[in-house]
Amino acid sequence: MARLPRAFFARPSLEVAPELIGQVLARRLDDGTRLSARIVEVEAYDELDPASHSFRGRTPRTDVMFGTPGRLYVYFTYGMHWCMNVVTGRAGEGSAVLLRAAEPLEGLEAMTARRGPRPPRELLAGPARWTRAFGIDGRDDGADLVRGAAVWLERGERVPSDRVAVTARIGVTVATERPWRFVDAASRCLSRPLPRVSPSAPRRR
DNA sequence: CGTTGGATTGGCT
DNA sequence: GCCAATCCAACGC
């Protein structure tokens with residue numbers, strides 16, 4: 001399986017994000033089990049963006065985000081959840097793409113063991129659900145996706161750009177004018193369904 | 001040093 | 001739909 005090269009990541013997050021849809025994240029667990037999943041939902045962040053961890057400058061937590069592209073930036077939030085990002089841009093720039101949802105391909109049994117019994121479509125449908133299923137935590141912060149042996153990205157089947165939908169980011173209360181969430185509109189494994197396009201009649205609420 | 005709130009989730013009303 | 005869980009990074013004094 002061909003890995004995505006460093007050059008793929010060394011571009012602005014807004015450019016990399018939509019191209020990550022359809023690519024495959026692979027994982028080798030300590031016991032040798034191979035996990036993989038097809039990316040269906042991501043969000044772009046950069047340092048000019050008030051919603052980004054990098055907006056307030058380089059800190060111990062965001063150090064990886066400002067470093068070499070093609071590495072994993074992993075952070076802890078809400079006292080219990082891990083989320084993972086792909087670092088993008090040139091070294092010195094604080095940009096990354098949050099991995100939010102995927103369709104499980106290999107290792108369903110191991111994922112289910114970590115997440116508890118659930119329909120496969122819910123296994124990786126959310127950033128913290130995905131890290132839990134993949135066993136990703138703070139130890140993976142800074143992992144090299146281009147050359148590392150624990151987690152990496154393989155080229156997947158191309159998704160036509162007209163099937164990649166753009167929406168506002170989830171859980172982000174600032175910079176809402178930046179529609180930087182990208183999803184495979186045909187996927188049933190999203191963390192949130194796409195906003196319904198009303199056919200004609202206005203909906204009650 | 002104390003305070004605040006978060007790129008979330010799952011369980012309950 | 002609402003909210004608690006549960007830790008810690010970032011910021012203010």
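So you know, we letter chains A, B, ... as the sequences are listed, proteins then strands, and number each from 1. If you're wondering where the values come from, they're calculated on a predicted model, not measured in any experiment.
Residue contacts shown for A:R169 are absent, as no nucleic acid heavy atom lies under 4.0 Å away. A:R115 comes within 4.0 angstrom of sugar-phosphate atoms only, judged by non-hydrogen atoms across all strands, and of no base. Residue contacts shown for A:A128 are limited to sugar-phosphate atoms, with no base heavy atom under 4.0 Å away. Among the protein residues, A:M84 comes within range of no part of the nucleic acid, since none of its heavy atoms lies under 4.0 Å from any strand.
Non-hydrogen atoms lying under 4.0 Å from DNA chain B are contributed by A:G171, A:V172, all within residues 171-179 of chain A.
A nucleotide of DNA chain B counts as in contact with chain A when one of its atoms lies under 4.0 Å from a heavy atom; the first and last such, 5' to 3', are B:dG6 to B:dG10.
Taking atom NE2 on A:H53 and atom C1' on C:dC8, their separation rounds to 12 Å, with Å as the unit. Note: CZ (A:F76) to C1' (C:dC7) measures 5 Å, nearest angstrom. What separates NE2 of A:H81 from P of C:dA4 is a distance of 15 Å, to the nearest Å.
Under 3.5 Å, the side chains of A:E154 and A:S36 contain no donor-acceptor pair of N or O atoms.
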### Task
List the steps, then state whether side-chain hydrogen bond (donor to acceptor under 3.5 Å, both in side chains) holds for A:E41 with A:S187.
CA-CA 9 Å; A:E41 175 179 338; A:S187 177; over 6 Å; no
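Note that A:R3 lies outside the cation-pi zone of A:F8, set by a 6.0 Å cut-off to the ring centre and a 45° limit from the axis.
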